[in-house]
Amino acid sequence: MPAAQSDAPANPLALVWFRNDLRLDDNPALQAALDNGYVPIPVYIHAPDEGGDWAPGAASDAWRHRSLAALDAALRQRGSHLRYFFGPSLATLQSLIATTGAEAVFWNRRYEPAHERRDANVKTTLRQQGIRVESFNAALLFEPWTVRNKQGLPFKVFTPYWKALLSQWQLGLCVDAPARLPHSDEGPAGVPLEALKLAPERDWDRGFWDEWTPGEAGAHAALETFVDGALRGYREQRDRPDRIGTSRLSPHLHFGEIAPRRIVSVLERERTAGNGADVDAYLRELGWREFAHHLLHHFPETPDRNFDARFNDFAWSPVSAAQLAQWQQGRTGVPIIDAGMRELWQTGWMHNRVRMIVASFLTKHLRYHWRHGARWFWDTLVDADLANNTLGWQWVAGTGADAAPYFRVFNPVLQASKFDPDGDYIARWVPELSGLPVPLRFSPWQDPAALRRVAPDYPPQPLVDMGAGRDSALAAYRKLRG
DNA sequence: GCCTTTTTTTG
DNA sequence: AAAAAAAGG
């Protein structure tokens with residue numbers, strides 16, 4: 001190399017701050033760095049306490065560990081790599097700017113209230129220091145503040161919200177992952193991924209990885225599996241926990257391993273005369289995800305407070321730690337509930353239909369405040385997502401926006417017979433009941449002798465009598481209105 | 001995106 | 001007599 005070359009101005013550096021956008025495909029922050037002629041320095045900053053009361057749970061950490069490793073591997077294939085640091089985020093970015101000489105910072109937005117506040121502060125502070133800072137939308141089809149009703153207010157009901165989305169449906173083109181990435185070794189190397197201690201010390205997550213492959217490649221493989229399999233018939237099969245009837249994309253979406261816009265573009269490409277209704281049904285589910293983020297942005301207190309303030313006076317039952325543990329561990333004596341809770345514990349995921357059933361049981365039959373369920377899901381779900389989790393629990397509990405009315409009580413026996421008609425889901429997750437014939441498998445307490453013979457360790461009676469639980473929930477609700 | 005009970009319709 | 005629809009929580 002001629003010496004003169006070193007005097008030529010090198011390409012300026014930009015920090016690309018990865019958060020819940022752990023992908024290279026259609027990543028606007030990364031792309032903006034490249035398009036503006038910067039050499040991107042990909043960084044991940046571990047700062048769980050910046051999530052406020054909603055620091056990531058254990059299952060989420062286990063997933064993130066693997067997803068970060070996958071992102072780093074993908075970056076390395078392209079000549080770059082991911083650098084890991086400990087927070088606080090602002091101080092870490094400032095120090096990186098000082099040591100690398102980076103002139104810009106790019107990131108993709110998050111919508112959790114604590115993160116929105118933090119990001120706003122980071123942006124203002126760095127800009128005051130003369131740094132170029134830009135944020136982008138990588139996680140949503142539409143930014144929450146761009147969807148308004150006729151009065152200019154945020155929507156509170158899903159159907160009109162969804163109609164508004166459809167009427168303004170205009171998605172930009174996806175940008176493919178760059179084939180090569182310029183690279184700089186300027187500045188500190190950071191710490192090894194293992195230092196972040198995201199992976200469990202004890203391998204309680206062993207059962208997760210038969211079911212899931214975190215990371216961008218796993219996300220695209222899951223999408224392909226969905227398109228080749230469950231998409232056809234999705235509209236009807238998506239409610240069947242005994243089948244692979246859903247996309248199983250939720251954790252990949254949460255971590256931003258795949259863009260919703262990419263999913264839409266693939267589904268539209270795959271749309272045929274035969275599967276149009278199925279594609280539309282899936283898009284509607286993506287719509288619920290959008291709605292959840294819309295609500296969280298506009299009503300940031302809802303992870304901890306009832307959306308419907310009338311419920312602030314509701315007579316929730318005092319929590320019995322023992323009963324709550326029975327629900328958590330899948331030992332309520334109600335098979336469909338126990339199957340769901342055990343699926344969650346063993347795989348970090350639960351079928352959506354079953355989420356509604358176990359949530360209804362906790363908030364109606366046990367009449368426990370939805371927060372107890374939301375917290376448990378938060379810790380155990382690999383797809384734990386503040387927007388979706390909050391909407392889901394407040395929806396079932398009847399306290400939310402466009403929620404199921406409180407008097408809508410799911411009957412777990414009826415739900416099981418409707419959506420797991422052969423009892424296969426129950427048999428898989430509560431195998432000790434597989435020796436019972438099917439109608440009995442939904443309500444084994446109805447034949448105590450058979451239950452004792454087949455599964456002597458299974459609770460002989462449900463935690464709550466179905467009829468009594470329903471009635472007392474309805475009575476508490478009546479008092480609220482009265 | 002429900003359940004139960006009551007009422008009406010259908011075979 | 002059973003199934004479907006309606007009503008109301």
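Just so we're on the same page: letters track the sequence lines, and every chain starts at 1.
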Problem set entry | side-chain N/O A:Gln415 vs B:dG1 OP1/OP2, d < 4.0 Å | no
Problem set entry | Atom pair distance, as rounded to whole Å: CZ in A:Arg353 and P in B:dC2 | 5 Å
Exercise. Are A:Arg66 and A:Trp209 in a cation-pi setup, meaning NZ or CZ lies under 6.0 angstrom from the ring centre and within 45 degrees of the ring axis?
Worked result: yes
Exercise. What is the distance, rounded to the nearest whole Å, between atom NZ of A:Lys364 and atom P of C:dG9?
Worked result: 16 Å
For this session: Take the protein atom CG of A:Asp402 and the nucleotide atom C1' of B:dC2, then report the distance between them rounded to whole Å.
Result: 15 Å
Exercise. Whole Å only: how far is the CG atom of A:Asp471 from the C1' atom of B:dC3?
Worked result: 11 Å
Exercise. Within this structure, what is the CG-to-P distance between A:Leu474 and C:dG9, rounded to whole angstrom?
Worked result: 11 Å
Exercise. Judged by modelled atom types alone, do A:Thr380 and A:Trp345 share a side-chain donor-acceptor pair under 3.5 Å?
Worked result: no
Exercise. A:Arg470 near the nucleic acid: base, sugar-phosphate alone, or nothing, with a heavy-atom cut-off under 4.0 Å?
Worked result: base
Problem set entry | A:Leu414 CG - B:dT5 P separation (whole Å) | 12 Å
For this session: Report the relative orientation of the aromatic rings in A:His294 and A:Phe155; use parallel for angles under 30°, tilted for 30 to 60°, perpendicular for over 60°.
Result: tilted
Exercise. In whole angstrom, what separates A:Phe291's CZ from B:dG1's P?
Worked result: 14 Å
Problem set entry | Closest non-hydrogen atom pair, A:Leu283 against A:Trp162 | O-CH2, 3.2 Å
Exercise. Would you say a side-chain N or O of A:Asn411 is under 4.0 Å from OP1 or OP2 of B:dT4?
Worked result: yes
Exercise. Looking for any heavy atom pair under 4.0 Å, which part of the strands does A:Lys418 touch: base, sugar-phosphate only, or nothing?
Worked result: sugar-phosphate
For this session: Using only side-chain N and O atoms of A:Arg408, determine if any of them is under 4.0 Å from OP1 or OP2 of B:dT4.
Result: no
For this session: Taking atom types as modelled, find out whether A:Gln394 and A:Thr399 have a side-chain donor-acceptor pair closer than 3.5 angstrom.
Result: yes
Exercise. Looking across every strand, which nucleic acid part, if any, lies under 4.0 Å from A:Arg238 by heavy atom: base, sugar-phosphate, or nothing?
Worked result: base
Problem set entry | Length of the CZ-P vector between A:Arg289 and B:dG1, whole Å | 22 Å
For this session: Can you figure out which of C:dG9, B:dC2, B:dC3 approaches the side chain of A:Phe407 most closely?
Result: C:dG9
